[in-house]
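Throughout, a chain's letter reflects where its sequence line sits, starting with A, and its residues are numbered from 1.
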Protein chains: 2
Amino acid sequence: MTHTTGAAEDYLKTIYAHTEWQTDLITPSALAVRLGVAPSSVTEMVKKLAASGLITHVPYGPLALTDAGRLRATAVVRRHRLIETWLVGEMGYDWDQVHDEAEILEHSISDRLLEAINARLGFPAHDPHGDPIPAADGTVLRPPAVLLADATVGHRAAVLRISDRDPSVLRELAADLIGPGTEFTLSAPLTIVLADGQSRLVTPAAAASIWVTA
Amino acid sequence: MTHTTGAAEDYLKTIYAHTEWQTDLITPSALAVRLGVAPSSVTEMVKKLAASGLITHVPYGPLALTDAGRLRATAVVRRHRLIETWLVGEMGYDWDQVHDEAEILEHSISDRLLEAINARLGFPAHDPHGDPIPAADGTVLRPPAVLLADATVGHRAAVLRISDRDPSVLRELAADLIGPGTEFTLSAPLTIVLADGQSRLVTPAAAASIWVTA
DNA sequence: ATTGGGGTTTCGGTGCGCCTAAATTCTGGC
DNA sequence: GCCAGAATTTAGGCGCACCGAAACCCCAAT
């Protein structure tokens, strides 16, 4: 229907990402910060996206995706995560190195190539950070998750996903052999005990990036 | 030095491509036709490229790449051909289907990913159409070649490359099992005899797309 | 030597996505 | 209830790459 250029795709993706693990709606200024653009640029794009029926927006209010917008957004996220999975699985990238490359390729790869990659990977359900890969129809399988920083002491759980927003957190965790699937018990704030009995101290930044089973 | 956006890369690539198998310089109007843009658009971009020292141009005259421009151009061509080779070699594409995808990806893939692909393919010297893949330093290994349409009857030779400009020619030749490396004798105009004795009639369009050993 | 027509350039204008600066609107604290 | 400060929008502008129309240049044929 609508053309949806690369820039517009980034707006939709970012609006979607904000509500993927939280419930509150994103504000224009928060969107501007995430995208690294001026607030006035957001106002402009928001007008276009609303006119195309991809988001809803009351003046001076927050932003929400429509069903059509969510479909576009998940399509972009699907591309992004499949590309990340491919870069790690086949092209020798580490999980802290894939974000920027995927950020660009997600806007230029064709559906055909994407599906060829998907097939080669065996139709993965999660990307290297544990994030679910949306299906082609936009459905996303997302288990209930809690931020490690919000988990109660004594909680026994497994790592579900780690936000890829901060590469240094990813490198730090990789060095500690902590990744999606890692089982642990929270023995004290910021302290986890792994299955083999070893304990690890996690930084506040990491605890705010790690989502674990409820 | 200069930024060189996707559009500028297309201009440089097209100027380079014109002189790869011929010696005459390209004119602005021919460039406009190849790129599918208006002549006035070419004038504008030519001014910028000349100002950046990537091409030389006297008003109302033809265009030529400088050394710097040729280096940029071959870098783009290198990307294009490696991507094509990868799409055919690993992603299940046929050689008549790769052009459009490569046309887009050549502007967005990183050097790192390109070299990962290159290594995976075993550092190929030619793309699926027989075109040489420029080295990273811009060198191109190009054997002397003659257009099949210009070859003399009785000429015994092998197919070197087939221009990918016309996908229908590629499909037609693929169906006839003619590709780079195919050995033959030109028994009459537009008629070739293959190594196994079978003869094939090629269309004028195909004869104008096939380059053979001299 | 002139001239006509094709190739090239100039000129004014478009859409996109971005910016800064200046309104405007909303909201929380008094 | 008011009002300062923060968030948002409006207004004006920029660079890029494109366009069509009009002006211009050049050469080949007379």
Side-chain angles (χ1 to χ4, degrees), chain A residues 1-15 18-19 22 24-65 69 72-73 76 100 103-104 106-108, chain B residues 1-15 18-19 22 24-65 69 72-73 76 100 103-104 106-108:
Chain A
M1 176 120 299
T2 325
H3 178 212
T4 329
T5 69
E9 287 183 349
D10 280 336
Y11 280 80
L12 293 173
K13 182 186 60 169
T14 306
I15 296 169
H18 185 263
T19 42
Q22 277 143 250
D24 61 316
L25 298 177
I26 195 169
T27 62
S29 54
L31 185 52
V33 170
R34 289 258 188 102
L35 290 170
V37 300
S40 55
S41 304
V42 171
T43 302
E44 255 178 33
M45 183 61 87
V46 156
K47 248 187 288 188
K48 283 188 228 170
L49 294 175
S52 305
L54 297 171
I55 66 173
T56 58
H57 175 237
V58 293
Y60 297 94
L63 311 171
L65 293 171
R72 295 288 179 88
V76 180
D100 295 352
E103 200 71 21
I104 294 171
E106 69 190 8
H107 302 302
S108 37
Chain B
M1 174 119 297
T2 326
H3 179 208
T4 329
T5 71
E9 288 184 349
D10 281 336
Y11 281 78
L12 292 173
K13 182 186 60 172
T14 307
I15 295 170
H18 185 262
T19 42
Q22 276 143 253
D24 61 317
L25 297 177
I26 195 169
T27 62
S29 54
L31 185 52
V33 170
R34 289 258 188 103
L35 290 170
V37 300
S40 54
S41 304
V42 171
T43 303
E44 253 180 34
M45 183 62 87
V46 157
K47 248 186 288 186
K48 283 188 229 171
L49 295 175
S52 306
L54 297 171
I55 66 174
T56 57
H57 175 237
V58 291
Y60 298 95
L63 311 172
L65 293 171
R72 295 288 179 89
V76 180
D100 295 352
E103 200 71 22
I104 294 171
E106 70 191 9
H107 302 302
S108 37

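The NE2 atom of His107(B) lies 3.5 Å from the CG atom of Asp10(B); values are rounded to the nearest 0.5 Å. Atoms CD1 and CG, on Ile15(A) and Leu63(A) in that order, are 5.0 Å from each other to the nearest 0.5 Å. Taking OG1 of Thr5(B) as the start and NZ of Lys48(B) as the end, the distance is 7.0 Å to the nearest 0.5 Å.
For the pair Lys47(A) and dT10(D), the criterion of a side-chain N or O lying under 4.0 Å from OP1 or OP2 is met. Contact check, Ser29(B) against dG6(C): no side-chain N or O comes under 4.0 Å of OP1 or OP2. Contact between the side-chain N/O atoms of Lys48(B) and the OP1/OP2 oxygens of dA17(D) is found at a separation under 4.0 Å. Regarding contacts with the backbone of dC18(C), a side-chain N or O of Tyr11(A) is found under 4.0 angstrom from either OP1 or OP2.
With rounding to whole Å, Arg34(B) atom CZ is found 16 Å from dG7(C) atom P. Protein atom NE2 of His57(A) is 12 Å distant from nucleotide atom C1' of dT25(C), rounded to whole Å. Taking atom CG of residue Leu31(A) and atom P of nucleotide dT9(D), one finds them 11 Å apart after rounding to whole Å. Between Met45(A) atom CE and dT8(D) atom C1' the separation is 17 Å, expressed in whole Å. Between the CG atom of Leu35(B) and the C1' atom of dT8(C) there is a distance of 16 Å, rounded to whole Å. Rounded to an integer number of Å, the gap from Leu63(B) CG to dT9(C) C1' is 13 Å. Nucleotide dT8(D) holds its C1' atom 15 Å from the CD1 atom of Ile26(A), rounded to whole Å. Between the CG atom of Leu25(B) and the C1' atom of dG7(C) there is a distance of 16 Å, rounded to whole Å.
Gly36(B) comes within contact range of the sugar-phosphate backbone alone, with a heavy-atom separation under 4.0 Å but no base atom that close. Residue-level contact check: Ala7(B) touches the backbone only, with heavy atoms under 4.0 Å from sugar-phosphate atoms and none from bases. Note on Pro28(A): only backbone sugar-phosphate atoms sit closer than 4.0 angstrom, heavy atoms only; bases stay farther off.
The side chain of Thr43(B) lies closest to dT9(C), out of dC18(D), dT9(C), dC19(C).
Summary of the strand contacts: Ser41(B) and Glu44(A) both lie near DNA chain D, and taking for each the nucleotide with the nearest heavy atom, the more 5' one is attributed to Glu44(A). If Val37(A) and Pro59(A) are placed on DNA chain C by their nearest nucleotide, the residue sitting closer to the 5' end is Val37(A).
Contact between Gly61(B) and Pro28(B) at its shortest, heavy atoms only, is O-CD, 3.7 Å. Here the shortest heavy-atom pairing between Leu12(A) and Thr4(A) reads CD1-CG2, 4.1 Å.
Between the base of dT8(D) and the side chain of Ser40(A) there is no donor-acceptor pair shorter than 3.5 Å.
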